[in-house]
Amino acid sequence: MNKTIKTIVSALFIMPILASCKGDGKTMSIGKPEFVRGFPTTISELQKIGNFNCEEIGIREVKVLDSLLIISKADIWALYSLDGKHKYGEFLRIGNGPGEFVQYIPNTSWCHFFKDNDSLFVYAANASKGHVLGLNISEFLSGARRAPYPVIETDLISGALPAIIYGKEKILVYQPNYNYTNIKRMMYEGDTLRQMPVTQGIDKTTLGRQIDMNILSRGTCYNAAADKFVEVMAYLNQINIISGDGTEGKTICVGKRLDDISKIEGEDYASWIRAYKCVSAWDEGFGAVYSGATEYDPRLHISDELQIQFFDWEGNPRCLVELPYQTYSFDIDFENKVMYVLNTTDDKLIAYDATEIVKCLKS
């Protein structure tokens, strides 16, 4: 196990910052950051579920949706049974026709899934065309093959990086400035855009080059029960938790100090250390896939091993899972206590017994 990863689990509590950690460097934090010194439970080996089998290749994402698995690939989504053995069909695809996405299909975490009159729906932003597409998944499963249809049409989400649907008419828009050296978190509702109040401070962070804009990349999820967003930064060792109305939030960091952006910007892109790869969220809390060092250091190399860090919605550490391979997607079926993880090294979806993980998140 990578030595720098082991150091994060040496203690069992979360501590508020005692003194300013910003120093002379450039860091981002919503208020004073809270530093996680360790996790109450560490799971070093997961038990595979033998009867799970999904032969789909080229998987980009997996999402648990009631009794279904959504398998997302670069150009299409597919619906599977939870055991991976039955494929119900494909929907949401790249193309130039009605209800198709021109450039890319949004991540499942950017989409809004909900039930209405016992039917299951998904809303997904097609930002390049300035609209949100809706699809009745229940009708799709019953045999109807109606194409996704526009449910919101607005130029206000055009060019978003990305646009995240978190309600029937609510969208979180990551809006870059004109030269792509800065980004603002904007909230769309009622055909208007307003800046998220609690992030106005970190939204002022400006990078020196367009390529440095990637330092501000992040994965984002929203959970309706908690009414909170969680952002995990791709190249910075921090997680932001933000209320659904954008008025409250905090930054947590698994490490001793926040990464200094000034040490990263201007450096060759290939030398950047990847921090967080993806995030999944549930009513009970969220989990973030972490890879790399606890602090930025161009001399360090990314290990094949990584962690899935689990937290409650207050940012308290609940559980740490160690994996022997890299992944860009995972999700948990809480009813059956199964965690699905995409092994990107072998291009294979694996199902694990998640009993202990679920217990930690519900305790």
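- Put simply, the side chain of R274 gets close to the backbone of Y276: a donor and an acceptor are under 3.5 Å apart.
- A donor and an acceptor atom, one from each side chain of S109 and N107, are nowhere located under 3.5 Å apart.
- The shortest side-chain heavy-atom distance between L65 and F113 falls under the 4.5 Å cut-off.
- Side-chain contact of Q47 with D353: a donor-acceptor pair under 3.5 Å is absent, judged by distance alone.
- A salt bridge links K228 to E314: one of the charged nitrogens lies within less than 4.0 Å of a carboxylate oxygen.
- Of all heavy-atom pairs between G315 and V36, the closest is O-CG2, 4.5 Å.
- Separation of atoms CG (L161) and CG (N214) is listed at 10.0 Å; rounding is to 0.5 Å.
- T327 places a side-chain N or O within 3.5 Å of a backbone atom of L342 that can act as its donor or acceptor partner.
- Nearest heavy-atom pair across R37 and G255 is NH1-O, 3.1 Å.
- Ring orientation note: the planes of W282 and F330 are nearly perpendicular, at an angle over 60° on the 30°/60° scale.
- A donor-acceptor pair under 3.5 Å is absent between the side-chain atoms of S72 and the main chain of W77, judged by distance alone.
- N237 places no side-chain N or O within donor-acceptor distance of the main-chain N or O of A275, the cut-off being under 3.5 Å.
- Minimum interatomic distance between D83 and H86 (heavy atoms only, all atoms of both residues): OD1-N, 4.1 Å.
- Of the possible donor and acceptor atoms, one in the side chain of D333 sits under 3.5 Å from a partner among the backbone N and O of E335.
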Could you walk me through whether S128 and N126 satisfy the side-chain hydrogen bond (donor to acceptor under 3.5 Å, both in side chains) test, starting with their C-alpha distance in whole Å, then the side-chain angles of each, then the deciding distance to 0.1 Å, before giving a yes or no? CA-CA 6 Å; S128 60; N126 194 352; 3.2 Å; yes
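- Of the possible donor and acceptor atoms, one in the side chain of K73 sits under 3.5 Å from a partner among the backbone N and O of I57.
- Side chains of D212 and Y269: a donor-acceptor N/O pair is absent below 3.5 angstrom, by distance only.
- Side chains of T27 and R257: no donor on one and acceptor on the other come within 3.5 Å.
- With salt bridges taken as basic N to acidic carboxylate O contacts below 4.0 Å, one links E265 and K26.
- Looking at K184 and D203, no side-chain N of the basic residue comes within less than 4.0 Å of a carboxylate O on the acidic one, giving no salt bridge.
- Looking at K87 and E56, a side-chain N of the basic residue comes within less than 4.0 Å of a carboxylate O on the acidic one, giving a salt bridge.
- Remark: the backbone N or O of L320 is not paired with any side-chain donor or acceptor of T42 at under 3.5 angstrom.
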Begin with the C-alpha distance, continue with both residues' side-chain angles, and end with the deciding distance and a verdict on side-chain hydrogen bond (donor to acceptor under 3.5 Å, both in side chains) for T345 and Q326. CA-CA 6 Å; T345 303; Q326 294 289 316; over 6 Å; no
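- With hydrogens and angles disregarded, a donor-acceptor distance shorter than 3.5 Å links the side chain of S243 to the backbone of E248.
- Note: F310 and F39 fail the aromatic proximity criterion, with ring centroids not under 6.0 Å apart.
- Heavy-atom contacts from other residues, nucleotides or ligands closer than 6.0 Å to CG of N117 number 12 or fewer.
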